[in-house]
Amino acid sequence: MLYAFGGVALVCLGLYGLVALEHMLRRILAVNVMGTGVFLILIASAARAEGAPDPVPHAMVLTGIVVAVSATALAVALACRVAEQEQEGRPEGEVKP
Amino acid sequence: MTVWAFDILALLALVWLAWRAMTARRIEVAVVTFLPYGLLMALVWARLRAPDIAIAEAAIGAGLTTALLIAAANRIRRRSAYERAADTAAASSRSADARLGGWGKQLVGAVLACVVGGLLAAAVANLPAQQAGLSPQVEANLSDSGAGNPVTAVLLNFRGYDTLLEIAVLLLALIGVMQLRRETPGPVVSAEQRHSLVLDSLVHVIVPLIVIVSGYLLWRGGDAPGGAFQAGALLAGAGVLLILNKQARPAWLSARVVRAFVAAGLLMFGGVALNVMWTGRNLLEYPIELAKPLILAIEAAATVSIAVILTMLFGGVLTPHRAPSLQGGAS
């Protein structure tokens, strides 16, 4: 149960970071921290059973990890593109080949 | 007692590393801090008797996510260094690293975090102390599922729908990242630049090992911790190494073959899911006697797809050009 509260702490930390941080990559990191917090709550609650832990949350978290990395990759690619466009002084949305 | 000490230390370290990963002064430090955070997380998964997740977290959460973020931090910083040379005054104000937003943002963030945290903590505290959840149902049907590892059984049989869509999500992310590449040709890499001796030797030793280990994980995943996602993520690690080593893509690995690899997992999974319906079954309802070979076929195809997709996601973030030399999966 200790770990479930640890997961709550990580979710809070990530949420605070997501709102308060300025840098795009830091915000992506904050989302990832939030995600691991949610996973920790799920797995800690699955480990409450006496015998083998409940495999359904385990499968959900595995799926979640893969979806999180996909979302991170897309977010990171978007963040890079935004940074590059800002630095080149082009208005957003106007893409030259 | 020692277990309690480990639990408390691990949680304190996790929270501290998470804070550092978000707020370290230099973005490079922040991003690299995510690596020990992920590795410690993997240890915690092992402690919570979730070995499948521990392997996936070490490979994907710690390894690939950090690699993606480092590549992005590099790309953003490289651009700003270039800018600074061109226009010092303007760029210095832009690159001035304001970590936290204004007073209002911090307040809103803190209030939101407190409210959500309080509600979550109350929910967690009110959970019934002992609950088996769905494990009795999984246990009861495990022998019919075609997999001995309950997590694999849930992923590929009982909740196959989730996994099918998860592979589709990976594919969508890849399409998105590929759309964001630019038309400009990449920098020309000369033969001397191409090879770093250390990385080259490392790649020669470690890539074959990774291939063997991921094959083992895939095969054992039916009955023991492991499976398609862990195997695919490991292979993607090998692919990332090959990209970093600027390994030329072998001739047989044309763009068409890469696309076939990318689509293989979803096509195989979707094909099996639909084809079982010919015999009057529901979507994804495998015949019991065929469950094991079907699951193995899906997992094999999914491993290849996951490996190539994750490698290409990294490649797409690292080299945002449509240059012919570096794009695509090099596994």
Side-chain angles (χ1 to χ4, degrees), chain A residues 2-6 8-17 19-23 25-26 28-30 32-33 36 40-41 43-63 65-67 69-74 76-81 83-84 87 97, chain B residues 7 11 15 18-19 21-22 27 30 34 41 48-50 52-53 56 60-61 64-65 68-69 72-73 75-76 79 83 98 100-101 105-106 108-110 112-113 116-117 120-121 124 127 130-135 138 150-151 154-155 159 162 166 169-170 173 176-177 180 183 229 313 316-317:
Chain A
L2 195 57
Y3 281 103
F5 288 108
V8 172
L10 288 178
V11 171
C12 295
L13 210 58
L15 190 58
Y16 173 72
V19 177
L21 289 169
E22 288 284 328
H23 196 291
L25 285 183
R26 292 180 199 275
I28 297 173
L29 275 164
N32 271 296
V33 167
T36 49
L40 198 52
I41 297 175
I43 296 303
S45 57
R48 280 175 303 150
E50 271 184 353
D54 188 352
V56 177
H58 285 204
M60 280 165 69
V61 168
L62 264 182
T63 308
I65 289 177
V66 176
V67 170
V69 79
S70 322
T72 304
L74 189 56
V76 153
L78 282 169
C80 285
R81 194 61 189 269
E84 282 168 8
Q87 280 160 10
Chain B
D7 291 350
L11 282 176
V15 170
W19 181 246
M22 291 190 303
I27 185 69
F34 200 70
M41 208 64 183
L48 288 170
R49 294 178 292 167
D52 293 276
I53 305 176
I60 300 180
L64 275 170
T65 307
L68 277 170
L69 289 164
R75 204 169 129 190
I76 291 176
R79 306 288 299 201
E83 274 283 307
L100 287 168
K105 271 188 176 180
Q106 289 190 43
V108 171
L112 251 181
V116 172
L120 265 179
V124 166
L127 282 175
Q130 288 280 335
Q131 208 174 47
L134 290 167
S135 40
V138 174
V151 178
V154 173
L155 271 178
R159 295 290 316 166
D162 297 350
E166 166 187 3
V169 166
L170 268 174
V177 168
L180 287 168
E183 297 284 357
F229 291 105
L313 285 177
V317 171

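By convention in this document, chain letters (A, B, ...) are assigned in the order of the sequence lines, proteins followed by strands, and residues within each chain are numbered from 1.
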J.: Walk me through it: do A/Thr63 and B/Val169 pass the test side chain to side chain contact (heavy atoms under 4.5 Å, CB included)?
T.: CA-CA 10 Å; A/Thr63 308; B/Val169 166; over 6 Å; no

J.: Most heavy-atom pairs under 4.5 angstrom with chain A, which of B/Asp52, B/Val108, B/Asp7?
T.: B/Asp7

J.: Do you know which of B/Asp162, B/Ile53, B/Thr65 has the most heavy-atom pairs with chain A at a distance under 4.5 angstrom?
T.: B/Ile53

J.: Using the ring pair (Phe, Tyr, Trp, His ring centres under 6.0 Å) criterion, which residues pair with A/Tyr16? Sequence neighbours excluded.
T.: none

J.: With chain B as the partner, which of A/Ser45, A/Gly17, A/Cys80, A/Ala71 has the greatest number of non-hydrogen pairs under 4.5 Å?
T.: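 Heavy-atom pairs under 4.5 Å are most numerous for A/Cys80.
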
J.: Side chains of B/Met22 and A/Leu13: does their closest heavy-atom pair fall under 4.5 Å?
T.: yes

J.: Do A/Pro53 and B/Ser135 have side-chain heavy atoms sitting under 4.5 Å apart?
T.: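 When only atoms from C-beta onward are counted, B/Ser135 and A/Pro53 do not touch, as no gap falls below 4.5 Å.
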
J.: Tell me, side chain or backbone of B/Val138 under 4.5 Å from chain A's heavy atoms, or both, or neither?
T.: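 Contact with chain A: side chain only.
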
J.: What's the spacing between B/Ile27 CD1 and A/Leu25 CG if we round to 0.5 Å?
T.: 5.0 Å

J.: Roughly how far, to the nearest 0.5 Å, is NE2 of A/His58 from CG of B/Leu155?
T.: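 B/Leu155 atom CG to A/His58 atom NE2 measures 11.5 Å (nearest 0.5 Å).
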
J.: Please determine, among A/Ile28, A/Val66, A/Val61, the option with the most heavy-atom pairs under 4.5 Å with chain B.
T.: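 Maximum pair count with chain B is reached by A/Val66.
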
J.: Rounded to the nearest 0.5 Å, how far apart are CG of A/Leu40 and CG of B/Leu48?
T.: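 One gets 6.5 Å once the value is rounded to the nearest 0.5 Å.
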
J.: Measure the CG-CG distance between A/Asn32 and B/Leu69 for me, rounded to the nearest 0.5 Å.
T.: 6.5 Å

J.: Count the heavy-atom pairs under 4.5 Å between each of A/Ala4, A/Cys12, A/Gly6 and chain B, then report the option with the highest count.
T.: A/Cys12

J.: To the closest 0.5 Å, what do you measure between CH2 (B/Trp19) and CG (A/Leu10)?
T.: 12.5 Å

J.: Any idea which of A/Leu15, A/Leu29, A/Thr72 has the most non-hydrogen atom pairs under 4.5 angstrom with chain B?
T.: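 Ranked by contacts with chain B, first place is A/Leu29.
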
J.: Could you look at A/Val56 and say if it's the side chain, the backbone, both or neither that has a heavy atom under 4.5 Å from chain B?
T.: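 Both parts, backbone and side chain.
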
J.: Does any heavy atom of chain A fall under 4.5 Å from the side chain of B/Val177, the backbone, both, or neither of them?
T.: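 Contact with chain A is through both the backbone and side chain of B/Val177.
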
J.: Using a cut-off of under 4.5 Å on heavy-atom pairs, state which of B/Ala30, B/Ala72, B/Gly117 scores highest against chain A.
T.: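 It is B/Ala72.
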
J.: Of the backbone (N, CA, C, O) and the side chain (C-beta and beyond), which part of A/Ala9 lies under 4.5 Å from a heavy atom of chain B, both, or neither?
T.: side chain

J.: Calculate, to the nearest 0.5 Å, the distance between atoms CG and CD belonging to A/Leu62 and B/Glu166 respectively.
T.: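 Interatomic distance, A/Leu62 CG to B/Glu166 CD, rounded to 0.5 Å: 8.0 Å.
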
J.: Any side-chain heavy-atom pair from A/Met60 and B/Arg159 closer than 4.5 angstrom?
T.: no

J.: When heavy-atom pairs shorter than 4.5 Å are enumerated against chain A, which of B/Ala173, B/Ala113, B/Ala56, B/Ala110 gives the highest number?
T.: B/Ala113

J.: Please give me the minimum heavy-atom distance between A/Ser70 and B/Leu170, naming the atom from each residue.
T.: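 Heavy atoms only, the tightest pair is OG-CD2, 3.2 Å.
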
J.: If you count heavy-atom pairs within less than 4.5 Å of chain A, which of B/Val317, B/Val151, B/Leu313 leads?
T.: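 Top count of heavy-atom pairs under 4.5 Å with chain A: B/Val151.
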
J.: Between chain A and each of B/Ala18, B/Gly109, B/Ala73, B/Gly176, count heavy-atom pairs under 4.5 Å; write down the option with the most.
T.: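 Highest number of pairs under 4.5 Å: B/Gly109.
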
J.: Among residues at least two apart in sequence or on other chains, which ones pass side-chain contact (heavy atoms from CB on, under 4.5 Å) with A/Phe5?
T.: B/Ala121, B/Val124, B/Ala125

J.: Please classify the contact of B/Leu11 with chain A as side chain, backbone, both or neither, using a heavy-atom distance under 4.5 Å.
T.: side chain

